[in-house]
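Before any comments, here is the structure.
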Protein chains: 2
Amino acid sequence: MTKDYKDIGIKLTPQRLAILACLEGNTTHPSADDIYKEVRKQYPTMSFATVYNTLEALKEHGQVSELSVDSRRRRYDPDTKPHHHMMCVVCGAIKDVHESFRLVLPEKERKQFRILDSRVEFYGICPHCDMKTKTEGGGVNGSIQM
Amino acid sequence: MTKDYKDIGIKLTPQRLAILACLEGNTTHPSADDIYKEVRKQYPTMSFATVYNTLEALKEHGQVSELSVDSRRRRYDPDTKPHHHMMCVVCGAIKDVHESFRLVLPEKERKQFRILDSRVEFYGICPHCDMKTKTEGGGVNGSIQM
DNA sequence: GTTACTGCAAAGCTTTTGCATCCCT
DNA sequence: AGGGATGCAAAAGCTTTGCAGTAAC
């Protein structure tokens, strides 16, 4: 059950299809470099320019969204339905949070800013890293953020 | 009514005091480069290493927090009380949102991740840019994110 | 007197850009 | 056929690092 990419409204080159295939159902929230490395296995001539170009085009056509959770680099999500994320501050793993929150801004702020979107970001420690830090007894050092 | 910086627990060099002074009460959410440029007026030998070093030390001692709202670069906030932000996707201006939201995760997720912090990020268009885009009739092009 | 910070410069990542060539529609 | 995409390489941002000298505690 693959999406019909013809409807996206962009030229479908083999490279773009490979990037789309790499993103489809991908819940790892890959960075541009992750995508580049993955797609390069199949297209050894794939360039960064093409990856960034394609991500930009897909973003404009509502096929991916760009995440800002990870302050080290941009990460991408093929799931464009509104949802939130939690990131492990140790390893950088990002998980989806499919819960809806009531995020109503007070009048004062709503009048000032024309709000287009809102996201909740949770920061914590994933089970894997939690176990490791407990074993090592080293606390939360080497953590990525906070 | 300046904070007593002795309590922070880090060595207080003139450079660090200048960075602290630049941050105190600063609600512009500056980037490292913004801080560098500002502090350099007073300390022309100030280096990036020192800015990043100091920000890291202050972060570890709970004196600043690092924001991820702006996917282009890290920005810093001397206000470490839990609060949220809204960013203008056109000019990148960030404003504080001092409203508290009920952000309780479902059991399922809470059990998996050990949550340490959570932030809400609003994206929109600030009054200044909103007026400009309306005048130019050019829509929201050249926007930074989304 | 130690320990830790500073400054400089170089390196490391991530992201963007220019341009000739190529190919999808 | 034409407009847009690709690939390459170089450049541009942002952030980190190594190291010798220096200053805070």
Glu121(A) and Arg119(B): CA distance, side-chain angles, deciding distance, salt bridge (charged side-chain N to carboxylate O under 4.0 Å, His left out) verdict: CA-CA 5 Å; Glu121(A) 299 178 347; Arg119(B) 294 291 153 96; over 6 Å; no
Is there a side-chain contact between Leu55(B) and Leu23(B) in this structure, where contact means two heavy atoms from C-beta onward sitting under 4.5 Å apart? yes
Can you pull out every side-chain hydrogen bond (donor to acceptor under 3.5 Å, both in side chains) where at least one residue sits in residues 102-112 of chain A? Sequence neighbours excluded, please. Gln112(A)-Lys95(B)
Is the shortest heavy-atom distance from the side chain of Leu20(B) to the side chain of Leu58(B) under 4.5 Å? yes
Arg73(B) CZ to dT16(C) C1': how many Å, rounded? 15 Å
For chain A and DNA chain D, what are the first and last nucleotides along the strand, 5' to 3', with at least one atom under 4.0 angstrom from a heavy atom of the protein chain? dG3(D) to dC8(D)
Polar pairs (N or O, both sides) under 3.5 Å between protein and nucleotides 3-6 of chain C?
unit_1, atom_1, unit_2, atom_2, d
dT3(C), O2, Lys11(B), NZ, 2.8
dA4(C), O4', Lys11(B), NZ, 3.1
dC5(C), OP1, Arg16(B), NH1, 3.4
dC5(C), O5', Arg16(B), NH2, 3.3
dT6(C), OP1, Thr13(B), OG1, 2.7
dT6(C), O3', Gln15(B), NE2, 2.9

I want to check something: taking the side chain as every heavy atom from C-beta on, are Val89(A) and Ile125(A) in contact at a cut-off of under 4.5 Å? yes
Run His85(B) and Phe122(B) through ring-ring contact (aromatic ring centres under 6.0 Å, His included) and show every step you take. CA-CA 6 Å; His85(B) 297 95; Phe122(B) 295 89; over 10 Å; no
If the cut-off is 4.0 Å, is Tyr52(A) near the phosphate of dT15(C), judged by side-chain N/O to OP1 or OP2? yes
Which parts of residues 28-44 of chain B get close to DNA chain D, meaning a heavy atom less than 4.0 angstrom away? none
Identify the heavy atoms of Arg74(A) and Arg72(B) that sit nearest to each other, and give their distance. NH2-CG, 3.7 Å
What pairs of residues pass the ring-ring contact (aromatic ring centres under 6.0 Å, His included) test when at least one of them lies in residues 45-76 of chain A, not counting sequence neighbours? Tyr36(A)-Phe48(A)
Residues in side chain to side chain donor-acceptor pair (under 3.5 Å) with Thr27(A), at least two apart? none
